[in-house]
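Data first, discussion second: the structure below is written as structure tokens.
In each ligand, atom 1 is the first atom listed, and ligand 1 is the first ligand listed.
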Amino acid sequence: MRWLFVGASTVAAQHMVGAVRANGATVAALVSGSAGLAAGFAAAHGIALHGVDLDAALRHPGIDAVYISSTNEKHLPQAMAAIRAGKHVLCEKPLATSLADASDMVRAARAAGLVFATNHHLRCSGSHRAVRDLVASGRIGRVLSLRIFHAVQLPENLRGWRIDNPGAGGGVIADIAVHDADVARFLLGEDPVTVVAEMASSGMGRGVEDSAMSVWSMPSGTMVMAHESFTHGFAGTGLEVHGTQGSIFARGVMTQRPDGRIELVTAAGSEDVPFPNHDLYVESVRRFAEAVSGRGSPAAGGEDGVKSLAVALAVREAARTGMRQQVEYGVAA
Ligand code: NDP
């Protein structure tokens with residue numbers, strides 16, 4: 001498979017170029033909004049073609065798929081161009097800055113018969129799959145609550161648009177709560193119905209929130225608590241699932257690496273739960289490639305990206321208004 005990368009981004013450089021190559025595929029071309037960035041990225045990563053003209057790159061023969069990792073407000077026009085050109089799309093989260101835009105992308109890909117996936121890497125990890133399997137097996141009984149701890153220190157090199165540009169989709173809710181929404185949906189197999197939330201600027205965000213706490217109600221009655229931040233240097237990450245017959249403690253698992261530890265506690269005692277430690281992004285690309293070749297579906301499809309965005313938007317609205325919000329899933333529901 002030959003890929004066109006759109007966006008000379010950190011996630012592309014640190015994870016996705018390697019993930020594509022680990023799958024035996026080729027990063028054939030790179031398009032950026034800046035000729036200098038495109039040239040620098042292509043040179044650093046050994047990519048043959050680079051430029052600023054997306055439509056020209058899409059016309060290049062032999063491009064099978066497009067990976068979009070620009071800032072969030074650019075995802076819609078870039079994805080639409082790729083779909084018009086008949087290319088399969090793997091798009092970064094959040095899919096867009098509005099539900100209508102995200103839904104448009106997914107609908108257009110579906111109408112064109114193309115694979116459209118969302119790069120929600122966490123559900124590709126062995127740890128999250130192990131937690132989901134434990135929950136589904138009934139080992140902890142009926143699930144009462146899920147607590148997600150995703151308050152981190154945003155690395156210095158990422159303190160650009162994320163902390164001061166609402167137009168580009170900045171703010172911790174668009175950046176991290178959207179991942180947590182996907183995690184909750186993946187682990188519990190149901191979609192949040194209502195949310196209450198608070199947000200704050202606690203020292204890093206300028207014009208956008210850098211911290212949020214929210215509570216989501218699930219159709220089954222399970223309660224979900226989520227905490228996201230850019231300003232917590234020492235909090236660590238993790239999640240806990242508590243049920244009538246036991247609890248799962250997964251520590252250090254809300255990361256980009258296959259790290260962490262899972263402990264299952266029941267009346268019988270405590271046990272460590274092993275899990276595979278494959279690369280999350282290699283797995284995301286592998287599942288995408290399988291879907292393109294007609295075998296299976298992407299790890300997270302377009303509808304998953306629409307739904308995670310819908311939850312994040314409800315969290316932001318609940319925090320802004322101080323009112324409980326119904327999650328509006330639009331066409332994805
Ligand atoms: P970056 O902040 O690294 O880059 C975003 C854009 O900024 C680039 O696409 C590029 O624009 C431009 N840019 C890059 N370097 C420079 C520079 N030195 N000077 C000026 N502009 C520059 O983005 P991230 O990698 O952090 O995020 C990109 C997307 O990926 C977002 O949608 C984000 O939410 C998502 N993401 C997903 C992750 C995941 O695990 N699924 C992890 C991290 C991010 P241009 O597009 O014009 O090339």
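Hydrophobic clustering of Ile, Leu, Val, Met, Phe, Trp and Tyr side chains at less than 4.5 Å, counting indirect connections, unites V285 with M1.
Within 4.0 Å of ligand 1, heavy atoms belong to protein residues G7, A8, S9, T10, V11, S32, G33, L37, S69, S70, T71, N72, K74, H75, E92, K93, P94, N119, H121, L158, W161, R162, D175, H179, Q256, Y281.
Remark: D191 engages R185, K307 in a salt bridge (charged side-chain N to carboxylate O under 4.0 Å, His left out) (not counting sequence neighbours). In this view, R286 and E283, E290 satisfy the salt bridge (charged side-chain N to carboxylate O under 4.0 Å, His left out) rule, not counting sequence neighbours.
Although no hydrogens or angles enter the test, the distance criterion places a donor-acceptor pair under 3.5 Å between the side chain of E209 and the main chain of V172. Not a single donor-acceptor pair under 3.5 Å links the side chain of D101 to the backbone N or O of A96.
A salt bridge (charged side-chain N to carboxylate O under 4.0 Å, His left out) check over residues 244-259, counting only residues at least two apart or in different chains, returns the pairs R251-E263, R257-D259.
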